[in-house]
Amino acid sequence: MAKVVCVLYDDPVEGFPNAYARDGLPKLESFPGGQTLPTPKAIDFQPGTLLGSVSGELGLRTFLEGQGHSLVVTSDKDGPDSVFERELVDADIVISQPFWPAYLTAERIAKASKLKLAITAGIGSDHVDLQAAIDRGMTVAEVTYCNSISVSEHVVMMILSLARNYIPSYQWVVKGGWNIADCVARSYDIEGMAIGTVGAGRIGSAVLRRLKPFDVKLHYTDRHRLPEAVEQELAVTFHKTAADMVPVCDVVTINAPLHPETENLFDNAVIAKMKRGAYLVNTARGKICNRDAVARALESGQLAGYAGDVWFPQPPPKDHPWRSMPHHGMTPHISGSSLSAQARYAAGTREILECWFEGRPIREEYLIVAGGKLAGAGAHSYSAGDATRGSEEAARFKT
Ligand code: NAD
């Protein structure tokens with residue numbers, strides 16, 4: 001019987017909800033392109049309820065305990081005295097969400113001698129030292145596509161919010177003001193702007209599709225070129241590298257995974273190549289952008305705005321400069337954890353667990369690492385290596 005350790009974010013400060021803003025979720029038939037939605041044999045939760053926090057337990061307890069497995073759920077994940085560090089030692093399976101990542105560093109993997117499977121309830125498995133997982137022969141799997149559309153909606157929202165100066169304008173209303181000139185002195189239409197995505201996979205191409213009706217000029221860079229028919233349909237221009245693309249863009253959105261090729265990609269040099277007054281939106285991973293280079297570029301005016309929901313580490317310390325830099329539109333990591341997305345990744349996590357316990361293969365598109373190498377979505381979108389360095393700093397959030 002397996003010991004499953006599941007790390008989830010805390011419940012709401014006012015307690016676990018007993019009522020919701022809406023009565024249900026729209027029913028989807030499939031993902032764009034035809035990939036099927038998660039297909040567990042059953043679910044023990046109500047779609048549209050809070051599943052990603054500790055009391056939601058991803059709806060897994062009845063299923064796991066019914067089969068004789070044990071489940072430990074905690075939000076206490078950072079530092080040597082954390083519940084996670086303690087429970088990990090004899091865990092067979094670890095589940096965590098990128099929003100509140102249980103960092104599985106090489107040191108932690110070394111301490112967890114029974115650990116065979118790390119499931120990302122969501123997308124993006126950079127919180128696992130993938131090189132250490134490869135060396136150990138572990139399986140790392142995620143729920144590919146579960147929240148890609150959720151994030152693409154968030155990206156469009158953030159681009160419009162920055163360009164139109166939405167957040168400061170909202171704040172004038174809350175403060176009791178009617179300061180139109182203060183609001184509009186930094187407000188622009190995106191019509192006619194050039195917008196480029198780094199990464200045109202599931203999220204990046206959904207962002208391109210959603211932006212097309214705004215009459216903007218679309219650009220992308222990716223290690224895999226889109227089919228010619230798609231490039232023509234979207235009228236999108238391909239660039240070999242991010243550095244080649246950014247000089248022509250008014251807005252850049254980052255939609256590639258974090259791995260050794262993309263870590264620190266937006267450093268001083270690449271940001272300096274951007275147009276003065278460009279907007280940068282990063283919902284991919286915090287470490288793809290250099291923390292201090294972003295803050296400096298906002299202060300100097302090289303960037304007119306920066307928004308996103310990804311930080312490093314997570315949670316970021318209280319004094320992280322992205323909390324206080326000018327012209328930012330940061331949120332905690334939420335874009336992929338809408339109630340709609342939670343229902344899909346909770347079901348996908350259960351599908352992966354059912355396959356694992358029954359000895360059936362996990363869907364190829366869910367795999368990041370398997371059989372001692374990158375596999376499935378991992379082989380397509382990642383390079384091997386480690387991107388967890390520095391994650392210990394997450395423990396500082398508590399102090
Ligand atoms: P995907 O695998 O469909 O697409 C990723 C694309 O990035 C692929 O086309 C890949 O070729 C490309 N890529 C990889 N390395 C690159 C590089 N060096 N330069 C340019 N392109 C590169 O994945 P997706 O569903 O689109 O998700 C992308 C990433 O977004 C995830 O890995 C994750 O980090 C992040 N994400 C964030 C949230 C959130 O809540 N903020 C939710 C889901 C995913």
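As the structure lists them, so they are numbered: ligands from 1, and atoms in each ligand from 1.
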Results of salt bridge (Lys or Arg N to Asp or Glu O under 4.0 Å) for Asp78 - residues two or more places apart only: none

State whether Glu351 and Arg360 are salt-bridged, where the test is any N-O pair (Lys NZ or Arg NE/NH1/NH2 against Asp/Glu carboxylate O) under 4.0 Å. no

Applying salt bridge (Lys or Arg N to Asp or Glu O under 4.0 Å), can you list everything that pairs with Asp250, at least two apart in sequence or on another chain? Lys275

Please determine whether a side-chain nitrogen of the Lys or Arg among Arg108 and Glu85 lies less than 4.0 Å from a carboxylate oxygen of the Asp or Glu. yes

Which pairs with one or both residues in residues 155-176 pass side-chain hydrogen bond (donor to acceptor under 3.5 Å, both in side chains), sequence neighbours excluded? Arg164-Asp189

For ligand 1, list every N/O pair with the protein closer than 3.5 Å, one pair per line with the distance.
| from | atom 1 | to | atom 2 | distance (Å) |
| --- | --- | --- | --- | --- |
| ligand 1 | 2 (O) | Ser381 | OG | 2.7 |
| ligand 1 | 3 (O) | Arg202 | N | 2.9 |
| ligand 1 | 3 (O) | Arg202 | NH1 | 2.9 |
| ligand 1 | 9 (O) | Asp222 | OD1 | 3.3 |
| ligand 1 | 9 (O) | Asp222 | OD2 | 2.7 |
| ligand 1 | 11 (O) | Asp222 | OD1 | 2.6 |
| ligand 1 | 15 (N) | His259 | NE2 | 3.0 |
| ligand 1 | 18 (N) | Glu261 | OE1 | 2.9 |
| ligand 1 | 25 (O) | Ser148 | OG | 2.9 |
| ligand 1 | 26 (O) | Arg202 | N | 3.3 |
| ligand 1 | 26 (O) | Ile203 | N | 2.8 |
| ligand 1 | 34 (O) | Ala284 | O | 3.4 |
| ligand 1 | 40 (O) | His333 | NE2 | 3.0 |
| ligand 1 | 40 (O) | Ser335 | OG | 3.2 |
| ligand 1 | 40 (O) | Gly336 | N | 2.9 |
| ligand 1 | 41 (N) | Thr283 | O | 2.9 |
| ligand 1 | 41 (N) | Asp309 | OD1 | 3.2 |
| ligand 1 | 41 (N) | Asp309 | OD2 | 3.4 |
| ligand 1 | 41 (N) | His333 | NE2 | 3.1 |
| ligand 1 | 41 (N) | Ser335 | OG | 3.0 |

What is the minimum heavy-atom distance between Phe45 and Ala343, and which atoms define it? CZ-O, 3.6 Å

